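Data first, discussion second: the structure below is written as C-alpha cells.
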Amino acid sequence: MPRHLTSLLDLSTIELMSVLDTAADLKARYKVGDRPQLFPGRVLAQLFEKPSLRTRNSFEAAMVNLGGGGIFLTTAEAGLNGRESLHDVATVLSSYSDIITMRTFSHTLIEQFAALSSCPVINALSDDRHPCQALTDLMTLREVFGELAGLHIVFVGDGNNVAISLATACAMTGMKFTLAVPAGFELSAAFLSDLKARYPDSDVSQTGDPHEAVATANVIYTDVWASMGQEEEAERRIKAFTGFQVNRELTKSAPAEAKFMHDLPAKRGLEVTDEVIDGDQSIVFLQAENRMHLARGLFTWMLSADS
Ligand code: CP
Ligand code: NVA
C-alpha cells in the first residue's frame, strides 16, 4: 500500500522531521549548484480544481529538478465532473504516475482518491488542510530560528485550512500556537480535542484579542480572510475581521524581533498592510521559495520509502 499525505497526521513526528532534514540537505546542495537527479523518468501528475501559483509550479519544478517530469490536469479534464467514476480515474491516472498531487474543495475527495490510488497521493490543499504549506513553514522556521520547540506562533485571522495544518504542525513539534480570531471563525472544538488527545503536551489555543496574543509572539502569521470557494462571503468577512489586520499598530504590541509570515497569495490592504508584508521582519518570500525545496525533500522521502 502506498503512503499518502492527505494530512500531517499521516506522518509521525520523526517522519516529519526526516522530511525536513531531507529538504534542508537538498536545499543546501542546490545553493551550491548540486541538483542530484535522484528520480529520472519519474512522473508527477497534478490534479487541481482550484488555481495555484506556488504549489503547482513548485511541485513541478521539484520533480523536474530531481530528473523526472510532470503532467497537469484539472479535475474536470480528468473526468471527475461525472464523465467517469472516481474509481476508474484513480486507477488509470495512478497507473501512469509515481506521485499524484491533488487540490480540491472537498477534503474527502482526496482521501477517497488516495484509497483507490496505486501510487502516493499528496494533498496540495483542500478546504480543510494544507499540509505541504505547513511543512514548508516548519522548514522555514528551522532555517530562521534553528530550533522549533518553544517557539510561539500567533496566527491572526481565519481558522481555515492553513491555520488547521499549522496548528497541527505546532502540536507535533513542540511549538505554542495561538489563533487570534473573531467569533464565528474559530477552529472547531472537535479539531482541538482530537489534537489534544493525540498530542497531550501540545499548547494550541484561541482568543479574540490579537494585541494580547502577539505580546509573546516569535512569529505573526496571517492568511486571506476569504479562501478559495468563499468569494461570495468576502464582504461579510471583511466586516467580521475588522480589528484583525496585521498592521504597524498590531506589530507594535509584539516583540520587536517577531517575524511576519503569510502563505500567499495575500490580499494586501485587507489581512496585512504593505508596510508589514514588505517590512524587514517579513519572511514571506523565503516561505514561497522553500515550497520547492520542501517538495524536493518530500518527493525524495516518499519515493525512497515507496521504492
Ligand atoms: N501558498 C499556496 O499554496 O499558494 P498557491 O495557492 O499559489 O499554490
Ligand atoms: N486559505 C487559502 C490558502 C491559499 C493558499 C485558500 O484556501 O484559498
Side-chain angles (χ1 to χ4, degrees), residues 5-8 23 44 46-63 70 72-75 100-110 122-141 153 155-169 177 179-182 184-188 191 219 221-234 236-238 240-241 244-246 260-268 270-272 277 282-296 298-299:
L5 182 68
T6 61
S7 150
L8 285 183
L44 170 72
Q46 305 210 75
L47 191 54
F48 279 38
E49 59 187 3
K50 296 175 178 176
S52 170
L53 171 64
R54 280 146 289 272
T55 308
R56 172 186 170 174
N57 296 298
S58 65
F59 280 169
E60 184 164 340
M63 189 54 104
F72 179 84
L73 62 174
T74 64
T75 48
I100 295 174
T101 66
M102 286 184 79
R103 171 167 286 200
T104 61
F105 292 98
S106 155
H107 184 71
T108 310
L109 180 62
I110 300 181
I122 296 174
N123 180 349
L125 181 147
S126 65
D127 281 352
D128 298 350
R129 299 281 186 279
H130 198 1
C132 296
Q133 182 65 52
L135 286 171
T136 307
D137 296 338
L138 294 178
M139 176 185 184
T140 306
L141 289 166
I153 313 301
F155 190 105
V156 180
D158 188 20
N160 64 15
N161 45 10
V162 172
I164 287 171
S165 288
L166 191 59
T168 306
F177 179 89
L179 177 66
V181 58
F185 299 92
E186 298 97 334
L187 297 166
S188 73
F191 166 74
V219 172
Y221 199 121
T222 192
D223 183 23
V224 289
W225 293 334
S227 286
M228 291 179 277
Q230 297 173 331
E231 289 78 7
E232 286 179 4
E233 294 177 34
R236 179 174 79 83
R237 284 170 171 265
I238 288 170
F241 283 86
F244 288 82
Q245 183 185 65
V246 181
F260 173 73
M261 296 176 78
H262 192 309
D263 48 290
L264 303 178
K267 288 273 188 228
R268 288 165 174 257
L270 290 182
E271 76 271 8
V272 62
I277 197 169
S282 173
I283 52 173
V284 300
F285 295 111
L286 179 62
Q287 285 177 269
E289 177 192 342
N290 279 344
R291 291 298 305 268
M292 186 188 72
H293 299 297
L294 187 282
R296 293 168 77 230
L298 180 61
F299 293 165

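Each ligand, and each atom within it, is numbered from 1 in the order the structure gives. Just so you know, these numbers come straight off a predicted model, no measurement behind them.
Listed by number with element, the atoms of ligand 1 under 4.0 angstrom from any heavy atom of R291 are 1 (N), 2 (C), 3 (O). For ligand 1 and L53, the ligand atoms under 4.0 Å from any heavy atom of the residue are 5 (P), 7 (O), 8 (O). Numbered from 1 in the order shown, with element, the atoms of ligand 1 that lie under 4.0 Å from a heavy atom of D263 read 1 (N). Within ligand 2, counting atoms from 1 as listed, the ones closer than 4.0 Å to a heavy atom of N161 are 1 (N), 2 (C), 6 (C), 7 (O). If you number the atoms of ligand 2 from 1 as listed, the ones under 4.0 Å from a heavy atom of L125 come out as 3 (C), 4 (C), 5 (C), 7 (O). Interface atoms of ligand 2 facing L264, defined by a heavy-atom separation under 4.0 Å, are 5 (C). Atoms of ligand 1 lying under 4.0 Å from any heavy atom of Q133, numbered from 1 in the order shown and given with element: 1 (N), 2 (C). Taking every heavy atom of H130 and a limit of under 4.0 angstrom, the matching atoms of ligand 1 come to 2 (C), 3 (O).
The closest side-chain donor-acceptor pair between Q287 and D137 falls under 3.5 angstrom.
In L125, neither the side chain nor the backbone holds a heavy atom less than 4.0 Å from any atom of ligand 1.
Residue, atom and distance of the protein heavy atom nearest to atom 6 (O) of ligand 1 are R103 NH1, 2.8 Å. For atom 5 (C) of ligand 2, the closest heavy atom belonging to the protein is D263 OD2, 3.5 Å. Atom 8 (O) of ligand 2 has M228 N, 2.8 Å as its closest protein atom, hydrogens excluded (heavy atom only). For atom 4 (O) of ligand 1, the closest non-hydrogen atom of the protein is R54 NE, 2.8 Å.
The environment of CD in E231 is crowded: more than 12 heavy-atom neighbours from other residues, nucleotides or ligands sit within 6.0 Å.
Paired with W225 under the rule ring-ring contact (aromatic ring centres under 6.0 Å, His included), one option of F185, F244, F241 passes, and it is F241.
For the pair R56 and F48, the NZ or CZ position fails the cation-pi test of under 6.0 Å to the six-membered ring centre and within 45 degrees of the ring normal.
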Derivation of the side-chain contact (heavy atoms from CB on, under 4.5 Å) call for T222 and F260:
CA-CA 8 Å; T222 192; F260 173 73; 3.8 Å; yes
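The shortest distance between side-chain heavy atoms of Q46 and L73 does not fall below 4.5 Å. Between M261 and I153 there is no side-chain heavy-atom pair separated by less than 4.5 Å.
Ring geometry for F155 against Y221 counts as parallel: the plane angle stays under 30°, on a 0 to 90° scale with 60° as the upper cut.
Annotation: P265 places no N or O atom under 3.5 Å from an N or O atom of ligand 1; distance criterion only.
Ion pairing between E271 and K267 fails under the 4.0 Å rule for side-chain N and carboxylate O.
Nearest to atom 1 (N) of ligand 2 by heavy atom, out of D128, D223, V162, is D223.
Look at K50 and you'll find every heavy atom at least 4.0 Å from all atoms of ligand 1.
Across every non-hydrogen atom of M228 and F105, the tightest pair is O-CE2, 4.1 Å.
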